[in-house]
Amino acid sequence: MAAAAVLGAGAGAGVWYILLRDGSSGPSAGPATGVTVTASSPASSALPSSRDSADSGDGTPATGPGQDASASSPAAPAPASGYRRAQDPVGYTLDVPEGWTRRQKQGDKAPVVSYDSPSDGRRLQIFAVTEDSPAASLDLAENDPGYGFARQPGYEVLDRDSGPTWAELTYRYDDADKGPRQVVDHRFQAADGTLYALRVSGPAALPAARVRAPLTAALNSFCPPGGSC
């Protein structure tokens with residue numbers, strides 16, 4: 001991850017890595033909180049969704065991983081089945097799975113917000129970054145010699161994709177506490193021009209579509225602070 005995005009360069013890099021580890025609680029972790037649900041659009045405008053047969057709570061919009069949040073329509077459709085619309089305390093709005101617990105860890109320049117599944121080890125994270133582009137941010141996150149993803153035990157790239165306003169990396173690694181994990185890290189430019197990272201992770205044994213589902217729902221519904229979405 002970009003050290004400049006949260007903690008600055010140098011010694012802060014190690015702390016930044018700790019903030020994003022799946023098993024980290026960290027000294028700066030805030031208490032678990034609920035999310036505020038806003039009113040949804042009429043049911044007739046609900047997002048089309050597909051389900052993972054193993055979990056009726058994994059409805060996800062039919063759009064692909066390269067959904068451009070900056071191109072979202074002004075009025076977001078209603079959340080897919082199994083999701084709720086959260087007006088996050090940081091200021092943005094996004095759809096998150098029902099029943100997931102929100103936590104916030106404060107970095108030097110931006111908060112890292114996590115939504116955690118109560119049952120299967122999945123986690124959704126979001127935070128602002130300050131690099132010049134989504135691709136530059138993701139490249140630094142992967143390859144920084146001090147704390148990049150590529151240094152994690154068992155690191156293996158599973159997929160890469162990108163577009164004019166987004167970049168995405170899917171990989172696996174071996175977490176010291178939770179065992180093999182799969183991660184989708186998606187960097188994108190929001191409608192207000194701010195760059196964000198949306199990351200979803202889960203046990204490597206789970207189907208990839210099940211792990212990805214919360215990220216797709218969050219991207220399709222994301223509205224930046226002050227936006228009229």
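No experiment lies behind these values; they were computed from the predicted model shown. Just the heavy atoms: all of them, side chains too, but no hydrogens, waters or symmetry mates, feed the values below.
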Minimal non-hydrogen separation, Ser201 against Val211, with atom names = C-CG1, 3.9 Å
Does the side chain of Val112 reach to within under 4.5 Å of the side chain of Gln125, using non-hydrogen atoms?
-> yes
Mind checking the CD-OG spacing from Glu98 to Ser81? Nearest 0.5 Å is all I need.
-> 7.0 Å
State, without any angle test, whether Thr165 and Gln189 hold a side-chain donor-acceptor pair at a distance under 3.5 Å.
-> no
Find out whether Asp95 and Asn220 are in side-chain contact, i.e. whether some heavy atom of one side chain is under 4.5 Å from a heavy atom of the other.
-> no
Separation between CD1 of Ile126 and CD of Gln104, rounded to the nearest 0.5 Å = 11.5 Å
Kindly indicate whether the side chain of Tyr83, heavy atoms from C-beta on, has any atom under 4.5 Å from the side chain of Ser221.
-> no
Indicate, with yes or no, if the rings of Phe222 and Tyr92 have centres closer together than 6.0 Å.
-> yes
Asp139 backbone acceptor or donor facing Asn143 side chain under 3.5 Å | yes
Taking atom types as modelled and ignoring hydrogens, do the side chains of Ser114 and Asp116 form a donor-acceptor contact shorter than 3.5 angstrom?
-> no
In terms of side-chain geometry, is the basic nitrogen of Asp88 or Arg102 positioned less than 4.0 Å from the acidic oxygen of its partner?
-> yes
Does the side chain of Leu169 come within less than 4.5 Å of Val157's, by heavy atoms?
-> yes
Are Tyr155 and Glu142 close enough, and set up right, to give a side chain to side chain donor-acceptor pair (under 3.5 Å), and what steps lead you there?
-> CA-CA 10 Å; Tyr155 179 75; Glu142 180 185 15; 2.8 Å; yes
Could you grab the distance from atom CZ of Arg172 to atom CD of Gln182, nearest 0.5 Å is fine?
-> 9.5 Å
Looking only at heavy atoms, what is the nearest atom pair of Asp174 and Gly154, with distance?
-> OD2-CA, 3.5 Å
Considering only heavy atoms from C-beta outward, does the side chain of Pro79 approach that of Arg84 to under 4.5 Å?
-> no
Going through the checks in order, is the salt bridge (Lys or Arg N to Asp or Glu O under 4.0 Å) test met by Arg199 and Glu168?
-> CA-CA 9 Å; Arg199 290 168 49 88; Glu168 183 178 285; over 6 Å; no
Which value, rounded to the nearest 0.5 Å, describes the distance between Arg187 atom CZ and Leu195 atom CG?
-> 10.0 Å
Any sub-3.5 Å donor-acceptor pair from Thr194's side-chain atoms to Ala190's backbone N or O?
-> no
Is the distance between the ring centroids of Tyr173 and Phe149 less than 6.0 Å?
-> no
Ion pair check, Arg181 and Asp175, cut-off under 4.0 Å | no
Which distance, rounded to the nearest 0.5 Å, do you find between the CG of Leu206 and the CZ of Arg212?
-> 14.5 Å
Could you check if a side-chain atom of Val113 sits within less than 4.5 angstrom of a side-chain atom of Phe127, using non-hydrogen atoms only?
-> no
Counting N and O atoms only, with roles assigned by atom type, does the side chain of Arg151 sit under 3.5 Å from a partner on the main chain of Pro145, one being a donor and the other an acceptor?
-> yes
Using the rule that two of Ile, Leu, Val, Met, Phe, Trp, Tyr join whenever any of their side-chain heavy atoms come within less than 4.5 Å, decide whether Leu158 and Val184 are in one cluster.
-> no
Interatomic distance, CG@Leu198 vs CH2@Trp166, rounded to 0.5 Å, equals 13.0 Å
Closest approach of Gly146 and Asp144, non-hydrogen atoms and distance?
-> N-OD1, 2.8 Å
